[in-house]
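This report concerns only the one structure given below.
Letters A, B, ... are given to chains in the order of the sequence lines, protein chains preceding strands, and every chain is numbered from 1.
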Amino acid sequence: MENESLYVTGSLIAIFFQNPSNFYKVMLIGVEETNTPYEELEIVVTGSFGDMIEGETYQFIGHLVDHPKYGKQFQVETYKKIQPTTENGLVEYLSSDKFPGIGHKTAEKIVETFGDKVIEIIMNEADRLFEVDGITKKRQQVLHEGVRENYGMEQVIVSLHDYGFGSQLSMAIYQQYKGETLELIQENPYRLCEDIEGIGFKKADQLAENIGIEATSSSRIQAAIQFELLQGSLNEGNTYLEAEMLLEQTIQLLETSRPVEITPNLVADEIIQLVDAGKIQQEGTKLFENSLYFAEFGIATSIKRLLSRKKRIKYDEAAIDKIIAQLEKQNKMNYGDSQILALKEAIRSPLFVLTGGPGTGKTTVINGIVSLFAGLNDLSLDINEYHNEVFPILLAAPTGRAAKRMNETTGLPSSTIHRLLGLNAGEKINAEEIEKLEGGLLIVDEMSMVDTWLANLLLKAIPTNMQVIFVGDKDQLPSVGPGQVLHDFLQVDEIPSCELTDIYRQGNGSTIISLAHGIKNGKLPADLTKNQPDRSFFQCQAVQIEPIIRQIVTKAQAKGFTAQDIQVLAPMYRGVAGIDNINNMMQEIFNANPNGTRKEVKWNDKVYRIGDKVLQLVNEPELNVFNGDMGVITGIIFAKDSDNKVDELVISFDQNEVTYGRNEWSKITLAYCCSIHKSQGSEFRMVIIPMVNQYARMLQRNLLYTGITRSKELLIMLGEASAFIRATDNEATNRLTYLLPRISEALELAPHIYIESNDTEEVTQKNPNTYQQVVNETLERTNEQDVLSPVTEDYVLTETLVTQGIISPMIGMTEGVTPYDFEPIPH
DNA sequence: GGGGCATT
């Protein structure tokens with residue numbers, strides 16, 4: 001925690017809400033003492049809690065928040081039960097009905113004997129109770145067990161600290177196992193790495209070693225296999241692992257955790273045991289973690305169910321044409337041919353997949369489908385007309401921001417998939433228990449971000465007679481979780497789909513579009529490093545990234561570009577060419593404080609000033625602000641001037657303004673430069689993308705594609721050409737999944753000719769010394785059509801040319817970008 | 001080494 005810790009001590013009056021599947025609770029507390037500025041007698045606290053007893057006194061550590069709907073609340077990080085401290089309090093406590101058989105007199109005697117140490121003694125040296133007159137074996141037991149139950153959590157937490165777990169982890173462990181914690185851990189310490197996020201195999205193994213579990217014991221090896229199977233899948237986004245790979249990686253995990261040799265046979269035997277016991281699943285030489293195996297199975301079953309709906313969708317061709325013509329007239333536009341095809345096929349399919357890059361009009365088609373569906377079914381799109389019935393068109397997306405955007409473009413209600421399904425984040429849920437949705441049409445946008453687990457839950461919730469449209473860009477970044485559901489669906493012939501390719505947003509002269517198009521097919525144009533009207537390239541090394549961006553941005557600023565127009569997109573935070581470093585530099589250009597006379601606030605390593613461009617990092621649906629939204633700081637209120645007596649930032653996002661107290665500043669960060677991941681779903685006039693080999697593992701094709709396609713007008717690339725090539729060659733989307741054969745199986749088709757997805761060209765390990773050769777090879781591979789002009793060495797911008805002022809960084813952007821009127825600098 | 005989802 002960054003600030004002094006705030007606490008509230010008080011007694012639990014009531015539990016307003018508790019989520020039975022996790023430990024989230026909302027409770028009302030009668031305030032006895034606090035160091036917060038809160039002055040009311042009662043306060044609402046929220047957070048994760050174990051068993052809470054009404055009437056008991058607790059101390060909560062955390063911070064005050066201002067909830068937009070529920071007002072001031074105390075958000076709890078940790079808490080503990082407070083023992084009664086005064087002798088009177090202790091007597092009251094011990095004579096209460098928690099301890100049957102102990103009256104006031106007895107309680108007084110006990111407290112007289114042991115004083116304020118009484119709780120500790122009852123808990124740890126219960127036999128000493130016999131020193132007190134009138135304590136029978138039975139009473140001693142009642143006291144011992146009662147106190148243990150009440151103070152059990154603290155006891156357990158203390159023991160967990162002894163095991164080497166920090167307070168956060170200890171809380172998480174206690175919340176999982178509660179009173180049984182210590183027994184369960186003793187019995188099988190490896191359950192920790194299965195059940196608790198943040199505890200890996202090695203940590204659990206350390207504990208196991210202390211407890212005396214042998215290095216070659218079955219429980220240890222099985223735990224390692226299961227851990228590696230899930231982690232191995234998660235790390236690479238795969239839904240299964242090849243047995244050989246699992247064997248190898250498991251041995252490595254076991255041997256690095258403890259220096260004892262483990263033979264392959266030993267591990268292989270345990271794999272067989274696990275398969276026999278149904279704890280992992282096997283398909284030929286492929287091994288699956290259970291939840292991923294069943295999720296793929298479930299998806300396939302749902303696809304089959306949806307495709308074979310009984311009630312046929314029969315819409316009159318003429319009626320469809322009529323409505324489309326009406327829409328065109330009404331909106332004063334014409335659909336493209338491929339858009340019309342997509343509309344017609346989508347409206348007649350039980351399940352339809354629509355894909356396409358930025359600017360191809362996916363949103364236009366979504367709107368068209370909505371209107372078409374409403375028109376054909378004679379439905380009103382005015383939600384106010386639906387009082388008792390549900391609105392028949394459901395819109396959803398995997399992120400809050402995409403959902404908000406859908407709402408803005410359609411004017412209809414939209415939600416995250418999680419909200420739609422009533423899921424809690426991170427919660428494991430049985431797909432069979434999920435409630436069916438109600439309505440006639442469901443459209444899901446940004447489907448590329450949906451992983452195998454969520455796709456299964458979503459599909460399970462769709463009733464058979466609901467039409468479904470999945471929309472997304474298959475070439476964007478894959479989902480955070482395992483799988484590549486959209487990508488796989490598009491390869492199933494039986495699932496109707498359409499790819500939009502015509503670009504409506506940019507002119508045909510745009511070389512950014514052709515560059516993006518080339519990259520998604522694994523090709524870089526020969527003129528990558530040559531200037532075009534809408535893009536340019538600077539060759540430089542990692543250490544030069546920052547100074548060169550500084551020059552580019554300074555010049556662009558002089559041409560009238562604002563911080564909102566220019567977006568630097570980088571793959572990672574750390575390092576000289578990392579986001580953090582670039583952000584600080586950009587802040588000095590756009591919003592400096594040279595004399596130190598401007599208002600500013602410090603937070604961790606950052607400084608915020610009025611005018612700073614910031615990025616929202618969490619969803620705040622009540623405020624209509626979502627993860628990935630960008631805003632500007634419009635006010636700084638120092639603690640002495642604020643109502644809440646804390647430093648506050650006022651931030652303006654599009655239309656609405658929010659105020660964040662210091663304890664909420666972790667919800668934002670500087671946004672001059674942001675990660676390519678975070679930029680998904682946004683577009684900017686000018687995009688600057690650095691790529692250097694230092695970004696190593698982040699150099700992936702779809703990452704570069706996503707970054708480049710964020711640009712609406714101008715694109716500036718800089719760094720090492722070899723890094724751009726590496727990224728283009730590295731097709732990381734191709735994850736190992738078994739969804740295609742699973743769907744074929746479900747649809748009872750002849751087995752697909754199943755192509756191993758990692759079976760791509762040999763592009764992996766190339767000697768960096770042969771860099772020029774790689775460049776040449778890649779350029780040679782380039783399709784003739786994409787070659788706009790041959791490489792001419794004189795035009796390659798180098799750092800020297802720029803720093804010496806020989807070339808303006810804006811060179812090349814002189815034609816066809818009339819509004820900004822760049823001056824060509826002769827050289 | 002980057003990434004999202006929630007509850008009164």
Side-chain angles (χ1 to χ4, degrees), chain A residues 13-29 43-49 65 67-76 197 234-237 396-404 415-429 444-455 457-458 476-484 569-575 577-580 615-622 626-629 667 669 673-681 692-700 702-704 706-707 727 730 732-733 735:
Chain A
I13 298 171
I15 300 177
F16 284 155
F17 171 85
Q18 51 186 324
N19 184 332
S21 61
N22 55 34
F23 296 85
Y24 180 80
K25 289 181 181 64
V26 180
M27 307 182 295
L28 186 64
I29 300 299
I43 190 168
V44 172
V45 302
T46 65
S48 295
F49 306 92
V65 294
H67 193 285
K69 193 160 155 196
Y70 304 105
K72 288 255 186 309
Q73 299 188 325
F74 194 71
Q75 221 167 66
V76 178
E197 211 185 296
L234 254 53
N235 286 344
E236 305 300 322
T399 66
R401 206 153 69 95
K404 173 184 168 185
S415 72
T416 63
I417 296 173
H418 282 82
R419 270 202 172 196
L420 184 73
L421 303 180
L423 302 174
N424 284 328
E427 173 192 353
K428 291 242 159 110
I429 193 166
V444 181
D445 200 1
E446 296 287 12
M447 192 60 191
S448 59
M449 299 186 195
V450 174
D451 67 25
T452 300
W453 289 312
L454 188 61
L457 295 177
L458 176 62
Q476 281 205 36
L477 294 162
S479 53
V480 171
Q484 45 180 13
L569 299 176
M572 59 193 263
Y573 289 92
R574 293 190 327 202
I579 294 164
D580 294 331
L615 179 72
Q616 171 81 13
L617 298 172
V618 296
N619 282 348
E620 209 94 57
E622 306 284 354
F626 294 88
N627 188 349
D629 282 349
K667 292 176 182 171
T669 187
C673 177
C674 76
S675 69
I676 296 179
H677 278 92
K678 284 278 185 200
S679 76
Q680 259 195 121
V692 288
N693 288 298
Q694 207 175 66
Y695 299 144
R697 307 181 52 141
M698 300 303 294
L699 296 171
Q700 295 162 16
N702 39 26
L703 192 80
L704 181 58
T706 303
N730 183 11
T733 30
R735 298 176 163 188

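Considering every non-hydrogen atom in both A/I29 and A/I13, the closest pair reads C-CD1, 3.8 Å. For the residue pair A/P482 and A/D451, the shortest heavy atom distance occurs at O-CB, 3.3 Å. Of all non-hydrogen atoms in A/Q694 and A/M572, the two that sit nearest each other are O-SD, 4.4 Å. Here the closest heavy-atom approach between residue A/Y695 and residue A/A577 is recorded as OH-O, 2.6 Å. Closest approach of A/R735 to A/S479, counting heavy atoms only: NH2-O, 3.0 Å. Taking every heavy atom of both residues into account, A/Q476 and A/T706 meet most closely at CA-OG1, 3.6 Å.
Bounding nucleotides for the chain A contact on DNA chain B, 5' to 3', at a heavy-atom distance below 4.0 Å, are B/dG1 to B/dT8.
Heavy atoms of A/Y70 sit under 4.0 angstrom from at least one base atom. Residue A/Y695 is out of contact with every strand shown, counting any heavy-atom pair closer than 4.0 Å. The residue A/K678 sits close only to the backbone: its heavy atoms come under 4.0 Å of sugar-phosphate atoms, none of a base. Counting any heavy atom pair closer than 4.0 Å across all strands shown, A/G481 reaches no nucleic acid atom. Residue contacts for A/Q680: at a heavy-atom cut-off of 4.0 Å it reaches no nucleic acid atom on any strand shown.
With the nearest nucleotide of DNA chain B identified for both A/T46 and A/S675, A/S675 has the one nearer the 5' end. Place A/M449 and A/P621 on DNA chain B by their nearest nucleotides, and A/M449 ends up nearer the 5' end.
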